[in-house]
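These notes concern the structure reproduced below.
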Amino acid sequence: MDRVRFAPSPTGYLHIGGARTALFNYLYAKHNGGKFILRIEDTDKERSTIESELEIFESMKWLGLDWDEGPGKSADDSLYYQTRRLPIYHKYAEKLLNENKAYKCFCTKEELDLERKKAETEKRAFKYDGRCGLLTPEQTKQNEEAGKPFVVRVRVEQAGETIVTDIVRGEVKVQNSTLDDIIILRTDKMPIYNFVVVVDDVEMGITHVIRGEDHLSNTPKQIHIYKALNFPIPQFAHIPLILGADKSKLSKRHGETAVLRYRELGYLPEALINYLALLGWSPDNEDTIFSMEQLVSKFELSRVHKSGAMFDNKKLMYINGVHIRNKNADELTKMCLPYMIKSGLVTENDINGRYDFIKHTVVLQQEKLQILSEISDLSIYFYKNDYDMNDEAKKVWEKNAAERVKVLEILEKVISEIGVDKTKVEERLKADMEAAGIKPKVFMHVIRVVLSGTTMGPGLFDIVETFGKEKCMARIKKYS
RNA sequence: GUCCCCAUCGUCUAACGGUUAGGACACCGCCCUUUCACGGCGGUAAUGGGAGUUCGAUUCUCCCUGAGGACGCCA
């Protein structure tokens, strides 16, 4: 059984890149009938917060990336938090120490920082020389008794090379001489990423490690730890990074990167999923719109690309628009409501009281929506009464100065006589306008700007009907 | 600087030695149309450069160039 995991550190919101990594893991698991596990890598006590953790959960659930195992999925959540698994790491560290595969290093951070800096000014790569690994047991004991703090490092054999076998990249070879002895325990006994990730992946039976390419250079180090521990090595798949407009790793300075921000902005989770799936992966056909189910059935790690992919908001918008158009009236209305409430178009009470009206106006705008938040600006004239013409509308109003008085006269007469039924109004208005010698384009444009204050929107007669008699009359009066 | 990875339209990508180098977004034009949009049709636009291998390279190899990532007692 395939087992994969997503292992974020709760040091901030779920990033769009992290979401894509989670997605690929999820798709792989579901496609192969495996398990998708969520693990919280919180060994950085300084920066980990409960808020981040909750936001990550919220983000993943919103995206539909629910996990099979992890926090909230078992009787004992502590299994999935690294800070609650400390005895396990200590046990393995102890084992390595006993087998002399690891040693205690008494070099201080300050000393090493100094050497690092020196190496930098001399333009050479810094590498820890392993001097504490040469200490005799007596010297080590002396240092310990003197109360010197120490970290634990795993010895790395300097001869030969390490080969990472990667599903997307093939074989990546690294000379061992470029590696230095790996710290696995800090002076405060807190284990370090490269160590916990190995221990946990093995303990949790992870078969495939699918993660961002930025971890590729860590992998040889981890392989050394696997070997030191006599652990089986899982399959690796390093997926390409998501890039910003300048081709560097996507970060805050490129724009919005928090998953939940996309929810606020009005993106549908299925659209974000659809878009993210296509970043660094492509199916064997030329389609671009996919549901999660379709992605699950199509996803293959072997079709993941090697090169980074730029995040293109335009395409995301397009895909979002398609998913919006695929919604039925009730689904879409439900999704638009929060934005309409937030902008003050409707109140909580209206949700029940005016539901049908709201749904009607939402459907009238459906084909125009690219992101849900646009619903408010688009629908304002259905909900407010005190709006004026915008600049474009004023131009139309001015341009038709010769006919506009007559147009409004006829419109008022028609509505007062037959009401606002859209089919009837259209029929009668066209006849009366033709009799008065006014072209359809002219009266329709004039009526449109008078009623809605803008030059664009749903069908004119839909607007008339939706407004109702009273509101139509009020608008006509305002411009007569 | 060192190590590693990468390289097809502006962007996301297809092609697994032989195609008029295909699709999607964006852009432009036309059609539909009362506006906007949707939709339909069409167009502009790419194999970074140089050597090989081969009858034939986008595809295989090498070099160059360019770009990115990693070089923490972060993950």
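These numbers come from a predicted model, not from an experiment.
Side-chain rings of Phe24(A) and Trp281(A) stay apart, their centers remaining 6.0 Å or farther from each other.
A perpendicular orientation is assigned to the rings of Phe236(A) and Tyr226(A), their planes being inclined by more than 60° (bins at 30° and 60°). Ring planes of Tyr26(A) and Phe36(A): perpendicular class, angle over 60° (limits at 30 and 60°).
The interatomic distance linking Glu161(A) (CD) with C4(B) (P) rounds to 10 Å, in whole Å. The distance between atom CD of Glu110(A) and atom P of G72(B), rounded to the nearest whole Å, is 15 Å. As a whole-Å value, the separation of Leu460(A) CG from U34(B) P is 11 Å.
When distances are taken from the side chain of Ser307(A) to each of A7(B), A24(B), G69(B), the shortest belongs to A7(B). The side chain of Ala125(A) sits closest to U2(B) out of C25(B), U2(B), A70(B).
Salt bridge present: Arg131(A) and Glu115(A) bring a charged side-chain N and a carboxylate O closer than 4.0 Å.
Comparing the same atom, P, in C3(B) and in G48(B) gives a spacing of 26 Å after rounding to whole Å. C71(B) sits 32 Å from U8(B) when the C1' atoms are compared, rounded to a whole Å.
For G72(B), there is no paired nucleotide, since no Watson-Crick or G-U wobble pair has both relevant distances below 3.5 Å.
Using a 4.0 Å heavy-atom distance criterion, Arg169(A) is classed as a sugar-phosphate-only contact.
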